[in-house]
Number of protein chains: 2
Amino acid sequence: MLFTGTHIHKLDRKGRVSVPKRFRAALDNEEFAGIYLYQSHKESALEGCSHSHMERIAASLDELDMFSDEADDLADTILGSSHMLPYDGEGRIILPAELIEFARIEDQVAFVGRGRTFRLWNPDIFKPLQEASRTRTLNRGATLKLKPMSELPKGARPGTSDEEDAS
Amino acid sequence: MLFTGTHIHKLDRKGRVSVPKRFRAALDNEEFAGIYLYQSHKESALEGCSHSHMERIAASLDELDMFSDEADDLADTILGSSHMLPYDGEGRIILPAELIEFARIEDQVAFVGRGRTFRLWNPDIFKPLQEASRTRTLNRGATLKLKPMSELPKGARPGTSDEEDAS
DNA sequence: TGGGAAATGATGGGGGTCAATGGGATTTGA
DNA sequence: TCAAATCCCATTGACCCCCATCATTTCCCA
């Protein structure tokens with residue numbers, strides 16, 4: 001249920017790319033067999049998430065005032081620009097030309113896990129950024145304060161399950 | 001059950017336009033095979049929704065003071081000016097001339113998903129506005145506070161279903 | 001522990017199917 | 001009787017299903 005690691009796959013000349021097995025596994029028993037992608041606000045990258053995560057975004061937008069400018073902007077930016085991409089029989093998606101262009105992707109795609117979501121990059125662009133990010137983190141001596149186990153959602157702890165049948 | 005993405009379709013010279021397959025799918029098992037459209041009160045666009053969402057709007061209006069000016073105005077703008085548009089055999093609707101004129105639509109129509117609802121635009125008008133939205137979102141450093149999974153409607157979470165038989 | 005066999009995931013490509021579109025024919029309603 | 005709406009069918013091109021091949025990992029047993 002977590003997206004982790006960096007996986008580099010090939011974009012074939014039909015515009016298809018395999019979604020890493022690990023990511024698909026994190027997404028099974030979703031009602032929609034596929035992923036959502038939209039343009040990142042900050043980076044030359046694509047944001048990826050599951051159907052249920054997208055439902056979560058929509059539900060959270062409902063909470064904002066229906067007519068607020070902020071809700072409008074977020075709806076246009078995220079919901080309006082997202083692409084719902086189903087798998088083919090082999091677990092691939094078709095990357096829309098618009099997104100390929102935006103992320104300046106050429107013949108390879110890097111799937112980078114970010115926990116509940118993930119990003120897609122041109123590997124040549126991502127690599128130097130990752131290095132820089134690592135350096136900053138080290139220099140800062142960053143420490144991440146971990147939540148106590150007991151506050152984690154059920155299913156994220158050993159010995160529990162959030163499935164009816166986790167076979 | 002969620003409207004996402006931007007889909008640009010052609011308006012033919014009979015005034016017909018195909019409703020995107022994905023939107024029709026989000027609307028099946030509605031009792032009315034078609035969509036509702038009404039003029040947006042903020043934008044040069046048309047607001048679109050399902051029959052059941054229209055019911056929800058009507059119910060919300062009931063909550064307001066029946067004789068308040070606000071209820072009057074909303075009833076006039078939304079319910080009074082809404083058009084109930086059935087599909088033809090191919091999943092198209094006929095865009096009423098009044099709405100075409102209001103949204104300044106020419107030969108193309110952009111269907112833009114907004115979660116529970118969607119909007120129809122002249123693509124040439126929408127595109128720059130969406131860019132502006134993206135820029136504002138970025139500058140605002142907008143972070144959307146996500147609702148916890150547990151508060152989502154049933155069927156929006158993996159491992160649950162809102163169907164009698166989800167086969 | 002090394003080698004080989006088997007399983008699984010990634011990649012390439014052909015062809016059928018279906019959504020989007022265009023237009024003619026028939027019906028309906030003013 | 002005419003105009004507009006609905007039904008019906010034809011066309012086309014993108015997408016999806018299917019299969020074949022290749023690469024990698026896993027497994028098994030000597």
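Here is the naming used below: chain letters follow the sequence lines, and residue numbers restart at 1 for every chain. Predicted model only: the values in this text are computed from it and were never measured.
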Colleague: Identify which one of His53(B), His51(B), His83(B) satisfies the ring-ring contact (aromatic ring centres under 6.0 Å, His included) criterion when paired with Tyr36(B).
Modeller: His51(B)
Colleague: Is any side-chain N of the basic residue among Asp72(A) and Lys42(B) closer than 4.0 Å to the acidic one's carboxylate O?
Modeller: yes
Colleague: In the hydrophobic cluster built from side-chain contacts under 4.5 Å, what are the other members alongside Leu2(A)?
Modeller: none
Colleague: Of the nucleotides dG22(C), dA10(C), dG12(C), which one has an atom closest to the side chain of Asp12(B)?
Modeller: dG22(C)
Colleague: Can you give the first and last nucleotides of DNA chain D, 5' to 3', that have an atom under 4.0 Å from a heavy atom of chain B?
Modeller: dT6(D) to dC9(D)
Colleague: Just wondering, do Val112(B) and Phe126(B) contact through their side chains at under 4.5 Å, heavy atoms?
Modeller: yes
Colleague: Grab the CZ-P distance between Phe111(B) and dA19(C) for me, whole Å please.
Modeller: 16 Å
Colleague: Determine whether Leu85(B) and Tyr87(B) fall in the same hydrophobic cluster, where Ile, Leu, Val, Met, Phe, Trp and Tyr are linked whenever their side-chain heavy atoms lie under 4.5 Å apart.
Modeller: yes
Colleague: Would you indicate, yes or no, if dA19(C) has its OP1 or OP2 atom less than 4.0 angstrom from a side-chain nitrogen or oxygen of Lys21(B)?
Modeller: yes
Colleague: Examine distances only and state if a side-chain atom of His9(A) and a backbone atom of Ser18(A) form a donor-acceptor pair shorter than 3.5 Å.
Modeller: yes
Colleague: Using a 4.0 Å heavy-atom cut-off across all strands, classify Val17(B) as base, sugar-phosphate, or nothing.
Modeller: nothing
Colleague: Are the side chain of Asp76(A) and the backbone N or O of Gly80(A) linked by a donor-acceptor pair below 3.5 Å?
Modeller: no
Colleague: Whole Å only: how far is the OH atom of Tyr87(A) from the P atom of dT11(C)?
Modeller: 15 Å
Colleague: Atom NZ of Lys14(A) to atom C1' of dG14(C): distance rounded to whole Å?
Modeller: 7 Å
Colleague: Whole angstrom is fine here: how far is it from CD1 in Ile8(A) over to C1' in dA10(C)?
Modeller: 14 Å
Colleague: Taking CG from Asp88(A) and P from dT17(C), how many angstroms apart are they, rounded to a whole number?
Modeller: 18 Å
Colleague: Check this one for me: any side-chain N or O of Ser18(B) less than 4.0 Å away from OP1 or OP2 of dT21(C)?
Modeller: yes
Colleague: In degrees, rounded to 10°, what is the bend between the two ends of the helix from dT1(C)-dA30(D) to dA30(C)-dT1(D), using five pairs at each?
Modeller: 40°
Colleague: Using whole Å, what does the distance between atom C1' of nucleotide dG13(C) and atom CD of Glu90(A) come to?
Modeller: 11 Å
Colleague: Rounded to the Å, how far apart are Asp107(B) CG and dT21(C) C1'?
Modeller: 13 Å
Colleague: Ignoring backbone atoms, test whether Arg13(A) places a side-chain nitrogen or oxygen under 4.0 Å from the OP1 or OP2 oxygen of dG13(C).
Modeller: yes
Colleague: Apply the test salt bridge (charged side-chain N to carboxylate O under 4.0 Å, His left out) to residues Arg136(A) and Glu131(A): give CA-CA distance (whole Å), side-chain angles for both, the deciding distance (0.1 Å), then the verdict.
Modeller: CA-CA 9 Å; Arg136(A) 277 198 306 275; Glu131(A) 292 301 327; over 6 Å; no
Colleague: For the pair made of CZ in Arg22(A) and P in dG9(C), what is the distance, rounded to whole Å?
Modeller: 10 Å
Colleague: Tell me which nucleotide among dG14(C), dA10(C), dA19(C) gets nearest to the side chain of Arg24(B).
Modeller: dA19(C)
Colleague: Say whether Ser52(A) and Glu30(A), considering side chains only, have a donor N or O and an acceptor N or O under 3.5 Å apart.
Modeller: yes
Colleague: For Asp88(B), is there an ion pair with Lys14(B) - N to carboxylate O distance below 4.0 angstrom?
Modeller: no
Colleague: Taking the side chain of Arg92(A) as its heavy atoms from C-beta onward, which of dG24(C), dT11(C), dT21(C) lies nearest to it?
Modeller: dT11(C)
